[in-house]
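Scroll down for the structure; my scribbles are underneath it.
For reference, positions follow the sequence shown, starting with 1.
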Amino acid sequence: MPPASENGHSHKIQSQDVTEGLDQAPARAMFRAMGYDDADLDQPLIGIANPAADVTPCNVHLDGLADAAREGVTEAGGTPIEFGTITVSDGISMGTEGMKGSLISREVIADSVELVAFAERLDGLVIMGGCDKNMPGMMMAAIRADLPSVFLYGGSIMPGHHRGQEITIQNVFEACGAVATGQMSEEELDEMERHACPGAGACGGMFTANTMASISEAIGFAPLGSASPPAVTGEREEVARAAGRWTVEAIEERRRPSDFLSKKSFENAIALQVAVGGSTNGVLHLLAMAAEAGIDLSIEAFDAISRRTPKIGDFQPGGSRVMNDLHEVGGVPVVLKALLDAGLLHGDAQTVTGEPLAEALDRVDPPAIADLDADYLYPVDAPKDEEGAIRILTGNLAPDGAVLKVTAADDLRFEGTARVFESEEDAMDYVQAGQIDSGDVIIIRNLGPKGAPGMPEMLGVTAARDGQGHADDVALITDGRFSGATRGLSIGHVAPEAAAGGPIAAIQDGDPIIIDVAERHLAVDLSDAELERRLDDRSPPEPQYTTGVLAKYAALFGSAAEGAVTSVFSDLRESTSPSTASDE
């Protein structure tokens, strides 16, 4: 018999507030209008948060997976209640003004799912995500609601094919740069465009969506093996049914996010991220999730864990393989088991299935990397790179940190000359005009959480640079973000941002910039006095938006170095969080 809630209602956590007692006859009448009967209302009510939409291939198929999740909930003795929320497409809005809405959508998703769970007195959640900001937004909502919740990924797209090669959306972005310099014809670009995305699902490489899906397993929010099945397969539908069943069990056992999330969980997530070369956006989102959970996680932790964790997966954008390749040899558990056996994970970290991670891996029993014929996976003792893919750089250009994902030489020292732009559009025009030269350091500023607002990510400008053959001899630096599909010398999340008076606001064309990856150093060769003089003389830019949602979040967002959570929430958490939250 599962444990009863405090008020004696077995299986339920809070739905009895709206389903039981004479005073709730009006609420039950509303339920009956939607077809629910006495048996339905006697069971735990489980929300299925579904961001299905026709605005992105990542989410276009989620209604079918929601149906499968409903079946799983029903089979296990729960009552599914589906509701929707928003999504935006990073791939479609990339390079446009609309990209400023991307990170804001993470917050809106978290707010909306939390509110429905709270207002409708749901007992648990199946939290679904298909695109980049869905996933952290959903997990943030579950952390806030602290209801038994299982994360369900929509799955990745299958690779496209072009002239005998597998391709993804990354190749299309880079092809735009190749066309600009005459290295590819417009006709071939058109051909590539028509074959790169063959159907539903998130972008196939180890970009942000697949990074966050993989992290959901490592951190304990999703059952092992659930991240890698492709979007449009029977395996993905079975994962959805299982998510429904697992959620009912989590309710019966009263397993809440606060029961399985810990400092160890987050450190496991970081280790997985750096081992597979995951997106820099994972830094931002894990910091935000930790803030929601009241767990003390600093940006420096990513660098410390990357120093001791080798990179053992070689996936796009740095490599050539995609998520489906990992799925075919056993999925994320293959990497987790390799890290655990090497002493690089906390095996006692708890998971949503009620098992410590080590026990869950024993149950799944993934193959050892050494036993696989997979040239994109490396044993821990003979890795692709001795250190993980994420580097946190500091210096007088980024006192609070900046984030780099290493996709080439990890001991690079680069000295170049600043070319400063106040918008992505101006930088893109410069790159597309073929004006970049070896040694340029393109600085794009006023794109931070407050300054843009919304900290837009960029793939067009980095891909145009890379498509022209300058991935490693032209650097890009921004207080905004880079897409998970970005490769090359691309440094984002510079903090403090320009709009907050960070040193990046003082950089001028021609300034000498020093990037030392091995030493984790990012600097401009100017004296402190000169930097201070320039900052004192600067005139802060006028707000880009004075009304609407962008103006609201411009006022609320905090630093990227702390996850770009809303500052009001951050201040409140710091004043009330328990001192015991940092270690357990």
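- Asn50 contributes no side-chain N or O that, together with a main-chain N or O of Phe83, makes up a donor-acceptor pair within less than 3.5 Å.
- Met458 has its side chain out of reach of Met428: every pair of non-hydrogen atoms, C-beta onward, lies at least 4.5 Å apart.
- Contact record, Ser438 with His470: N-CE1, 4.2 Å, taken as the closest heavy-atom pair.
- Applying the ring pair (Phe, Tyr, Trp, His ring centres under 6.0 Å) test to pairs two or more places apart or on separate chains, those with a residue in residues 260-279 are Phe221-Phe260.
- We find that Arg520 and Glu387 are joined by a salt bridge, their nearest charged nitrogen and carboxylate oxygen being less than 4.0 Å apart.
- Listed by chain and residue number, Arg533 satisfy the salt bridge (charged side-chain N to carboxylate O under 4.0 Å, His left out) test with Asp537 (two or more places apart in sequence, or in another chain).
- Side-chain contact annotation: Gln350 with Asp259, donor-acceptor N/O pair under 3.5 Å absent.
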In sequence, state the C-alpha distance, the side-chain angles, and the governing distance for Leu412 and Asp472, and then conclude on side-chain contact (heavy atoms from CB on, under 4.5 Å).
CA-CA 9 Å; Leu412 179 68; Asp472 298 316; 5.7 Å; no
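- Although no hydrogens or angles enter the test, the distance criterion places a donor-acceptor pair under 3.5 Å between the side chain of Arg465 and the main chain of Leu489.
- The main-chain N or O of Gly204 is never found under 3.5 Å from a side-chain atom of Ser156 such that the two would form a donor-acceptor pair.
- In this structure Asp426 satisfies the salt bridge (charged side-chain N to carboxylate O under 4.0 Å, His left out) test with no other residue, sequence neighbours excluded.
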Apply salt bridge (Lys or Arg N to Asp or Glu O under 4.0 Å) to Asp479 and Arg445, showing your working.
CA-CA 6 Å; Asp479 50 6; Arg445 64 189 178 199; over 6 Å; no
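- Pro317 has its side chain within reach of Phe207: a pair of non-hydrogen atoms, C-beta onward, lies under 4.5 Å apart.
- Taken from CG in Leu522 to CD1 in Ile515, the straight-line distance is 6.0 Å, to the nearest 0.5 Å.
- Note on Glu497 versus Lys450: no salt bridge recorded, every NZ/NE/NH1/NH2 to OD/OE distance being 4.0 Å or above.
- Rounding to the nearest 0.5 Å gives a distance of 5.5 Å between CG of Leu272 and OG of Ser214.
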Side-chain atoms of residues 90-105: list all donor-acceptor pairs with protein atoms under 3.5 Å, sequence neighbours left out, distances to 0.1 Å.
unit_1, atom_1, unit_2, atom_2, d
Asp90, OD1, Ser102, OG, 2.7
Asp90, OD2, Ser102, OG, 3.4
Asp90, OD2, Lys133, NZ, 2.5
Ser93, OG, Ser89, O, 2.9
Thr96, OG1, Ser93, O, 2.6
Thr96, OG1, Gly98, N, 3.1
Glu97, OE2, Lys100, NZ, 3.0
Glu97, OE2, Tyr545, OH, 2.4
Lys100, NZ, Ala452, O, 3.0
Ser102, OG, Lys133, NZ, 3.2
Ser105, OG, Ser102, O, 2.5

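- Qualifying ring pair (Phe, Tyr, Trp, His ring centres under 6.0 Å) partners for Phe315, counting only residues two or more places apart in sequence or in other chains: Tyr376.
- Qualifying ring pair (Phe, Tyr, Trp, His ring centres under 6.0 Å) partners for Phe302, counting only residues two or more places apart in sequence or in other chains: none.
- Side-chain contact between Glu422 and Val420 is present, with at least one heavy-atom pair separated by less than 4.5 Å.
- By the salt bridge (charged side-chain N to carboxylate O under 4.0 Å, His left out) test, Arg534 pairs with Asp511, Glu530, sequence neighbours left out.
- For the pair Arg481 (side chain) and Met455 (backbone), a donor-acceptor distance under 3.5 Å is present.
- A donor-acceptor pair shorter than 3.5 Å cannot be found between the side chains of Ser279 and Thr211.
- When side chains are defined from C-beta on, Arg487 counts as touching Gln170, because their heavy atoms get closer than 4.5 Å.
- Residues satisfying the ring pair (Phe, Tyr, Trp, His ring centres under 6.0 Å) test with Phe414, not counting sequence neighbours, are none.
- Applying the side chain to side chain contact (heavy atoms under 4.5 Å, CB included) test to Pro540 and every residue at least two apart in sequence or in another chain returns Arg538.
- Heavy atoms of other residues, nucleotides or ligands lying less than 6.0 angstrom from CG of Asp536 number more than 12.
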Donor-acceptor pairs under 3.5 angstrom involving side-chain atoms of residues 394-404: please list them, not counting sequence neighbours.
unit_1, atom_1, unit_2, atom_2, d
Asn396, OD1, Val524, N, 2.9
Asn396, ND2, Val524, O, 3.0

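- Leu459 is listed as a side-chain neighbour of Thr486, based on a closest heavy-atom distance under 4.5 Å.
- Here the side chains of Asp303 and Ile390 are not in contact, with every heavy-atom distance at 4.5 Å or above.
- Annotation: the span from Ser298 atom OG to Leu287 atom CG amounts to 8.0 Å, rounded to 0.5 Å.
- A heavy-atom distance below 4.5 Å is found between the side chains of Cys197 and Ile157.
- Of all the heavy atoms in Ala464 and Val431, the pair that sits closest is CB-CG1, 3.7 Å.
- When all heavy atoms are compared, the tightest approach of Gly277 to Lys311 is CA-CE, 4.2 Å.
- Checked by atom type and distance alone, the side chain of Asn210 pairs as donor or acceptor with a backbone atom of Cys203 at under 3.5 Å.
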Report the C-alpha separation of Thr462 and Phe482 in whole Å, then their side-chain angles, then the decisive distance to 0.1 Å, and conclude whether the side-chain contact (heavy atoms from CB on, under 4.5 Å) test is met.
CA-CA 8 Å; Thr462 57; Phe482 287 119; 3.4 Å; yes
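- With no hydrogens or angles considered, a side-chain donor-acceptor pair links Gln316 and Thr168 at under 3.5 Å.
- Closest heavy-atom contact between Ala269 and Ile219: CB-CB, 4.1 Å.
- Taking CG of Asn134 as the start and OG1 of Thr56 as the end, the distance is 8.0 Å to the nearest 0.5 Å.
- Atom OG of Ser423 is separated from atom CD1 of Ile444 by 8.0 Å, given to the nearest 0.5 angstrom.
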Just do the side-chain contact (heavy atoms from CB on, under 4.5 Å) check on Gln273 and Lys405 with the steps written out, would you?
CA-CA 11 Å; Gln273 175 194 6; Lys405 178 167 72 174; over 6 Å; no
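- Atom NZ of residue Lys552 and atom OG1 of residue Thr566 lie 11.0 Å apart, to the nearest 0.5 angstrom.
- Residues Met212 and Met289 form a side-chain contact, since some pair of their non-hydrogen atoms from C-beta on lies under 4.5 Å apart.
- Remark: Arg413 engages Asp516 in a salt bridge, criterion side-chain N to carboxylate O under 4.0 Å.
- Heavy-atom minimum distance, Ala505 versus Leu535: CB-CD2, 4.1 Å.
- For Asp146, there are no salt bridge (charged side-chain N to carboxylate O under 4.0 Å, His left out) partners two or more places apart in sequence or in a different chain.
- Using a distance-only test at 3.5 Å, with no hydrogens or angles considered, no donor-acceptor pair links the side chain of Arg256 to the main chain of Leu147.
- A donor-acceptor pair shorter than 3.5 Å can be found between the side chains of Ser112 and Thr85.
- The side chain to side chain contact (heavy atoms under 4.5 Å, CB included) test applied to Ala209 returns Asp132, Met135, Tyr153, Ala202, not counting sequence neighbours.
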